[in-house]
Amino acid sequence: MSARLRILRAGPLTTIQDGGREGLLVHGISASGPMDRSSFDRAGRLAGASAEAGVEFTQAGIDVAVEAGTLRLGWAGGAFVISVNGVAQDWPGSAELHAGDRLSITPGAWGNYGYLRFGPGLDLPLVMGSQSTSTRARLGGVDGRALVAGDVLKLVGQGKAPEAVEAAHRQDGPIRFIWGIHARHFTQNVREKFVTAVFRISPMMDRMGVRIVDENRVFEEASILSLVSDPILPGDIQILGDGTPIVLMRDHQPTGGYPRIGTIITADLDRLSQMRPGQTVAFAPVSVEHAQHLLRSSA
Amino acid sequence: MSGFDSATPRRAEILPLGDCALLVRFGERLDDAANQAALVLADRLAGAGIMGIKEIVPSLVSVLVRYAPEMIGPNRLAGEIALLLGAKAAERQAPIHDIEVRFDGPDVAEVAAALGLGVDDFILRHNAAPLRVLTTGFAPGFVYCGLHEEALVLPRRTSVWPMVPAGSVLFAAGQTAIVATDIPTGWHVIGQTAFRNFRPDADPPTLLRAGDLIRFTSVP
């Protein structure tokens, strides 16, 4: 069994992602992987994905055509508008497509990242054990770059039985974090303001990081010392030299020397990745034990 | 170069970094003892076989330990780490790598002048003693080597080179770094090497390990 998909239209930063290449920070390589892991997994269950990799697309959506073969596709993440051969489909959802079929995904009500997963596996090389694209390190996916119109993806193998999944209920409330490795470099006053102020998501966001607008100038007076670099993980909240908070995401640089006031808990990182520019965001501290409890109950 | 006596462990701080990792930190500024302590702990952790550890990342003055919370809790892991801090180190024989450098970088004359040296003298002093790989970080295969003697310490540039190619040899903050992929940098570019630390198709993907020794030599 094999199939061929052609990308007819791709928004910026459309990439191939899988579970990521973990365990390589010691070589200076961050893991990459989907920005919204739970939606990526849901799309995979809908598709009956037999392999780990899929396509991550951004707010503008994506158009693809099946050039050859028959395959099941599943889609999830945020709320996009989708049609197959001009017929509207549910979001999230799945369908079996045949040669000549066209699938079109356009911007919807909320979210930044959507996922297309496939029954068969993507025929792309493993780079250090993963097909994930790191555009920062120019590794994985298709020649280490974002997908563009005209790219053709080959798929091989047999899909598994698709599963039904529930639509994601959109959560709100503050983004929860654990106080960071440099929290005590900030005064009590700054720490207090950080957990009471309202911030805004900035338009400067990509797979490396999401910059936050500090409208209430919480970090205006924080004197930022230069620190020795330490390893970084996704969710770390760094305060840059000019006082701008930035949340480091899946293609983060492996080490960093700006002070980290907190690290977003694993259970809330997917949600942060889907927050659009202009949306307000507040931060609330929790304990490691509570974060791990939330992780168990969301798994 | 080894100012760290492993029989008297340096005070370490064990901090949560998110909900799936701990950071063990041996100091808040870069010095030889803190770096050695981090490397020793990373080695001991790698040898200890503690269930639930997913990744051990030694850095300049700290070690990141990622764990699976369903297999080990942060308190228990911190306890295991504390036991290793007290243990005596098994000495590791550090491999020595010879790396040839053409010292013709765009900043080498300025660097030498800022240190009050001629370029030839700067190269001699730079290559006088082997340096240790302090850590790999910032970008794939990017290694920090150090530490140079006090008289060779220079701050970073005030402006950034938007892109320097793989093989660039950088100098700042008492360290020499080797670039493995094209990157922007605020460090002084002092030369070029044919050595490539990062090979994405190989396993492991980098050749140099933290703790290895580097002997820099000058080639025309």
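Just so it is clear: chains get the letters A, B, ... in the order the sequence lines come, proteins before strands, and each one is counted from 1. Keep in mind that what you see is a predicted model, and the values were worked out from it rather than measured. We use all heavy atoms of the structure for the numbers below, so side chains are in, but hydrogens, waters and symmetry mates are not.
The greatest number of non-hydrogen atom pairs below 4.5 Å with chain A, out of B:Asp19, B:Leu15, B:Thr136, is found for B:Asp19. For the options A:Asp236, A:Val286, A:Leu233, heavy-atom pairs under 4.5 Å to chain B are most numerous at A:Leu233. Interface check for chain B: of the options A:Pro254, A:Gly256, A:Ala291, the most heavy-atom pairs under 4.5 Å are formed by A:Pro254. Between chain A and the residues B:Leu60, B:Leu17, B:Thr181, B:Asn197, the most heavy-atom pairs under 4.5 angstrom are made by B:Leu17. Note: A:His27 leads A:Gln253, A:His27, A:Met128 in heavy-atom pairs under 4.5 Å with chain B.
Listed for the A:Ser297 side chain is a donor-acceptor partner under 3.5 Å among the backbone atoms of A:Leu294.
Applying salt bridge (charged side-chain N to carboxylate O under 4.0 Å, His left out) to A:Asp251 and the options A:Arg138, A:Arg207, A:Arg136 leaves one that passes, A:Arg207.
Neither the backbone nor the side chain of A:Ile264 comes within contact range of chain B; no heavy atoms are under 4.5 Å apart. When heavy atoms are compared at a cutoff of 4.5 Å, B:Glu13 approaches chain A solely by way of its side chain, counted from C-beta outward. Heavy atoms closer than 4.5 Å to chain B are found in both the backbone and the side chain of A:Ile265. In this structure, chain A has a heavy atom under 4.5 Å from the side chain of B:Arg25, while its backbone stays farther away.
The aromatic ring centroids of A:Phe194 and A:Phe186 lie 6.0 Å or more from each other. Aromatic pair A:Tyr258/A:His182: centroids not less than 6.0 angstrom apart. For B:His97 and B:Phe195, the gap between ring centers reaches or exceeds 6.0 Å.
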Query raised in the report: Can A:Tyr113 and A:Glu56 be said to form a side chain to side chain donor-acceptor pair (under 3.5 Å), step by step?
Result: CA-CA 7 Å; A:Tyr113 297 96; A:Glu56 177 179 275; 5.4 Å; no
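Scanning both residues, B:Pro74 and B:Tyr67, for their nearest heavy atoms gives CB-OH, 3.4 Å.
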